[in-house]
2 protein chains.
Amino acid sequence: MADGPGNSIGGENLLFLTDEQLRKGIEAMFFAYRGFTADPDRILEDHGYGRAHHRALHFINRTHGTTVNNLLSVLGVTKQSLNRVLRTLIEDGLVESRIGKTDRRERNLYLTEAGAALERTLSEAQRERMRAAYRAAGPQAVAGFRQVLEAMMDDEIRSQYNAMRERRS
Amino acid sequence: MADGPGNSIGGENLLFLTDEQLRKGIEAMFFAYRGFTADPDRILEDHGYGRAHHRALHFINRTHGTTVNNLLSVLGVTKQSLNRVLRTLIEDGLVESRIGKTDRRERNLYLTEAGAALERTLSEAQRERMRAAYRAAGPQAVAGFRQVLEAMMDDEIRSQYNAMRERRS
DNA sequence: ATTTTATGTCAGCCTTGTTGACATTCCAAG
DNA sequence: CTTGGAATGTCAACAAGGCTGACATAAAAT
């Protein structure tokens, strides 16, 4: 029984989608995600942080001055959960929370120099693995990779993801 | 500034790997994984289970009669952590634990009919999303998807993953 | 007979999710 | 202008599911 996703038959892609192939895809996703988070996890451990801190740092870095509410909708957690993480990051001097200028209820979030430094360390580790995987697989594979991932997102998430395209910090 | 992974330039792939592209890949991975687990998560919630239970069911289903130790190494958690999950699954009659025939210290794990039924429900939901993503992206994209994911795994994990190829249950 | 291995269990800790209650601020309707 | 709701963020308490450490038991290996 041949394996690998190359044995497309039929006009479109019929036999192509065997349960066995799908199962392999599911497991590949599971194991790859573990690898994907492994390097940052190690670094975070040294600092006493977890993945939640990494996610917050990542998205604050991407959109400087974002509000807590914005961050909530991107991260998909409750505000209370996010708040705990934010509080430690602020206490530790990695994130700065400024009261909103137009709406004083809002808090605009920024990375401090130290926060930006940690974010760079984390994302560089993650980029390095991604880069290695991309190199090993080649440009065409990368295009396919991104296409499948995008199709796998929830609809609302996909629009959020796409909205983050042209944005220079 | 053009986006998308198609603008490969240079002899190999040099400009291809911009930090911006890598960042997009990282975020795609993050959001796609959320979508990937969303459907099973909803089903599990109704039963009072979590992702940990899903993972156990999945791998017990894939390799009937696997031992606790085997499961530990695949899942990458401690035995105390796995045991908590396993205990509830056994109490609820979804998993059966039989004393090993050759080595009576070992426990061979099997899904009961009820366990297999829940596993089918969960994996069918997940397969359905995977199937939809595959259809939307096309066969070539799927090949690339799998290549990149495989390259992203840790080395030991990749061998485990590959060892699971030809295995009929 | 002793040691090692496989498994299970108890206790306790940490991260990170949850809900509920509350404070602050803004805005709009009276 | 005041007052009531809506939006935003904070604090407290709880649960799931990771983790470590210590210990028990049974069976295999030496």
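Residue numbering restarts at 1 for every chain, and letters A, B, ... go by the order of the sequence lines. Basis for what follows: all heavy atoms, side chains included, without hydrogens, waters or symmetry-related copies. On a predicted model such as this, the values are computed, not experimentally measured, just so you know.
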Open item on the list: For a quick check under 3.5 Å, do Thr37(A) and Arg51(A) share a side-chain donor-acceptor pair by atom type?
Closed with: yes
- [ ] Grab the CG-C1' distance between Leu109(A) and dT10(D) for me, whole Å please.
- [x] 14 Å
Task: Contact under 4.0 Å: Arg105(B) side-chain N or O vs dA28(D) OP1/OP2 - done: no
Open item on the list: Check this one for me: any side-chain N or O of Asn69(B) less than 4.0 Å away from OP1 or OP2 of dT7(C)?
Closed with: yes
Open item on the list: Distance check, rounded to the nearest 0.5 Å: Ile157(B) atom CD1 versus Phe31(A) atom CZ?
Closed with: 6.0 Å
TODO: Starting at atom CG of Asp103(A), determine the distance to atom P of dA6(D), rounded to an integer number of angstrom.
DONE: 16 Å
Open item on the list: Rounding to an integer number of Å, can you tell me how far Glu106(A) CD sits from dA6(D) P?
Closed with: 18 Å
Task: Among Arg129(A), Arg127(A), Arg131(A), salt bridge (Lys or Arg N to Asp or Glu O under 4.0 Å) partner for Asp39(A) - done: Arg129(A)
Open item on the list: Counting the atoms with a prime plus P, OP1 and OP2 as sugar-phosphate, which does Thr102(B) contact under 4.0 Å by heavy atoms, base, sugar-phosphate, or nothing?
Closed with: sugar-phosphate
Task: d(CG, Asn70(B); P, dT5(C)) in whole Å - done: 16 Å
Open item on the list: Base contacts versus sugar-phosphate-only contacts with protein, heavy atoms under 4.0 Å: please encode nucleotides 15-21 of chain C as B, S and - from 5' to 3'.
Closed with: SBBBBB-
TODO: Take Ser123(B) and His58(B) through the side chain to side chain donor-acceptor pair (under 3.5 Å) test and state the conclusion after the steps.
DONE: CA-CA 8 Å; Ser123(B) 70; His58(B) 176 102; over 6 Å; no
- [ ] Report yes or no: does Thr66(A) contribute a side-chain atom to a donor-acceptor pair with the main-chain N or O of Ile60(A) at less than 3.5 Å?
- [x] no
TODO: Take atom CZ of Arg104(B) and atom P of dA27(D), then tell me their distance rounded to the nearest Å.
DONE: 5 Å
Open item on the list: Nearest whole Å is fine: how far is dT7(C) P from Leu71(B) CG?
Closed with: 10 Å
- [ ] Is it possible for you to check whether Arg98(A) lies under 6.0 Å from the centre of the six-membered ring of Tyr110(A), through NZ or CZ, and within 45° of that ring's axis?
- [x] yes
- [ ] Mind checking the NZ-CE spacing from Lys24(B) to Met29(B)? Nearest 0.5 Å is all I need.
- [x] 15.5 Å
Open item on the list: If I take atom CG in residue Leu86(A) and atom P in nucleotide dT8(D), what distance separates them, rounded to the nearest angstrom?
Closed with: 15 Å
Task: Nearest-angstrom distance from the residue atom CG of Asn83(B) to P of dA6(C) - done: 16 Å
